Amino acid sequence: MAKIVQREKMRRSTSLFQRLRKQVARVHNAKLFEVFIALVIMATFLCSVANAQLNPVDGSSVAFLLEILDTVFTCIFVVELMINMLSGWFRKFWVGEGWAWNIFDLVVVAVSVITLALKSDGRFASLRLIRAFRVVRLFRRFESLRKIVNALTASVIPVTNAVIVLGVVSSIYAIVGVQLFGMDDENNFGTFTQAVYTMFQVPSSTSLGTHTHTHIALTLCPRPAQVLTGDSWSSGIARPLFGPDGKPKVQVAVFFVSYIVIAGIFVLNVVVAILLDEFIGPCSAPRELAVECLRARFGHARAVDKEKRKDREQQQ
């Protein structure tokens with residue numbers, strides 16, 4: 001009898017927990033809740049931007065306000081994470097759909113709590129930088145942004161293969177450049193590493209070799225140049241190798257023009273094509289499925305019409 005009563009109590013407690021979990025899941029999946037969390041994430045990002053822009057002094061009113069807002073946002077994220085874990089329970093949270101986003105949310109929230117609890121300890125000041133990645137959680141809330149992230153994730157291996165090909169091509173040209181131009185241009189082709197740096201693209205929209213950015217260029221390395229991006233490769237690297245008279249040299253022209261054609265036109269466009277293929281694939285899949293469904297329906301209708309015609313002919 002005691003075992004029966006105990007089982008009944010366990011069943012009631014389990015059913016109560018299941019009902020609570022369903023209610024929490026309903027709240028977590030509500031559209032209003034998702035919009036609220038998205039707004040909080042955007043507000044957190046704006047606070048990070050304001051902190052980086054204003055750079056307030058410790059103890060000032062602005063710094064105090066930003067710390068209060070950060071504490072409030074962190075508490076909201078902790079509650080949202082607990083709701084997510086409770087709604088999906090632990091198995092669905094760790095191995096269910098969207099488990100990678102759940103792990104990312106857990107890491108970001110855990111780091112935020114640690115930095116908030118140990119903000120007086122200077123050793124953990126570098127962890128505060130991870131809080132800037134909290135805006136990435138916004139990608140989970142919007143399907144359009146999530147498609148972009150999924151396409152980028154799916155294209156990692158193909159793009160990596162294309163980048164390896166690009167690296168091999170650039171390394172080959174770097175070795176040849178050291179042999180050909182090492183004595184004439186030691187800053188750009190003196191060693192293999194300098195030549196690779198010269199051949200690879202430097203992510204900038206303006207030439208680092210111009211007079212407006214001379215101090216930046218000298219800080220990074222002497223006379224950096226951009227070949228793969230097409231930025232100042234001719235005036236900054238190729239033409240000085242022609243010599244003081246400025247007459248074109250065949251080996252210089254063949255070297256740089258062939259590299260631009262192979263690496264800048266062919267290989268980079270392959271990378272772009274891979275990315276476009278990964279972007280277009282998920283978007284076109286629902287359309288193709290809809291077209292196949294329509295074809296199946298029309299095919300079934302035609303088959304039914306043929307059977308009716310045969311029946312009519314047999315009756316006649």
Side-chain angles (χ1 to χ4, degrees), residues 20-21 23-90 92-94 96 98-150 152-153 203-206 208 212-213 215-216 219-220:
L20 176 63
R21 190 175 66 84
Q23 292 294 334
V24 173
R26 188 177 292 108
V27 173
H28 181 264
N29 297 328
K31 190 68 175 179
L32 184 61
F33 183 79
E34 292 184 356
V35 173
F36 172 72
I37 296 298
L39 292 176
V40 173
I41 294 173
M42 294 177 65
T44 305
F45 180 69
L46 293 177
C47 288
S48 299
V49 172
N51 189 18
Q53 175 66 26
L54 300 176
N55 196 13
V57 182
D58 294 338
S60 61
S61 59
V62 177
F64 179 75
L65 177 61
L66 292 176
E67 289 181 0
I68 293 297
L69 291 176
D70 182 66
T71 303
V72 173
F73 293 148
T74 302
C75 293
I76 293 175
F77 289 145
V78 170
V79 173
E80 189 267 340
L81 181 63
M82 294 176 62
I83 290 175
N84 187 13
M85 295 181 67
L86 184 60
S87 63
W89 199 224
F90 291 100
K92 186 178 179 181
F93 181 85
W94 293 103
W99 64 270
W101 288 108
N102 295 332
I103 300 300
F104 179 78
D105 292 347
L106 179 62
V107 171
V108 172
V109 173
V111 171
S112 300
V113 173
I114 292 173
T115 55
L116 188 63
L118 303 175
K119 60 182 179 180
S120 59
D121 194 343
R123 295 176 299 176
F124 297 93
S126 59
L127 291 178
R128 298 173 65 90
L129 300 176
I130 302 179
R131 297 184 304 175
F133 292 93
R134 288 188 293 194
V135 69
V136 180
R137 302 178 63 207
L138 196 65
F139 296 160
R140 183 180 185 177
R141 302 294 172 178
F142 296 97
E143 184 178 359
S144 58
L145 299 178
R146 192 166 61 248
K147 287 182 179 179
I148 296 176
V149 176
N150 294 335
L152 291 174
T153 304
S204 62
S205 58
T206 58
L208 288 175
T212 56
H213 296 83
H215 62 287
I216 302 177
T219 303
L220 295 177

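If you're wondering where the values come from, they're calculated on a predicted model, not measured in any experiment.
In this structure, OG1 on T74 lies 12.0 Å from CD1 on I114, to the nearest 0.5 angstrom. Note: Q53 CD to L46 CG = 12.5 Å, rounded to the nearest 0.5 Å. One distance of note links CG of N84 with CG of N29; it measures 9.0 Å at 0.5 Å rounding. For the atom pair T71 OG1 and L116 CG, the distance stands at 4.5 Å (nearest 0.5 Å). The OG1 atom of T115 lies 6.5 Å from the CG atom of D70; values are rounded to the nearest 0.5 Å. The line from CD1 of I41 to CZ of F36 is 10.5 Å long, rounded to the nearest 0.5 Å.
Between H28 and F33, the ring-plane angle classifies as tilted under the 30° and 60° cut-offs. Ring planes of F73 and F77: tilted class, angle from 30 to 60°.
Taking both residues in full, the closest heavy atoms of C47 and L66 are given as O-CD2, 4.2 Å, listed atom of the first, atom of the second, then distance. Across all non-hydrogen atoms, the minimal contact from W94 to W99 is O-CB, 3.1 Å. Nearest heavy-atom pair across S87 and A25 is CB-CA, 3.4 Å.
Within the 4.5 Å cutoff, side-chain heavy atoms of I83 are placed close to those of V79.
A side-chain contact (heavy atoms from CB on, under 4.5 Å) with V40 is found for one member of I76, V72, L138, V35 and no other, namely I76.
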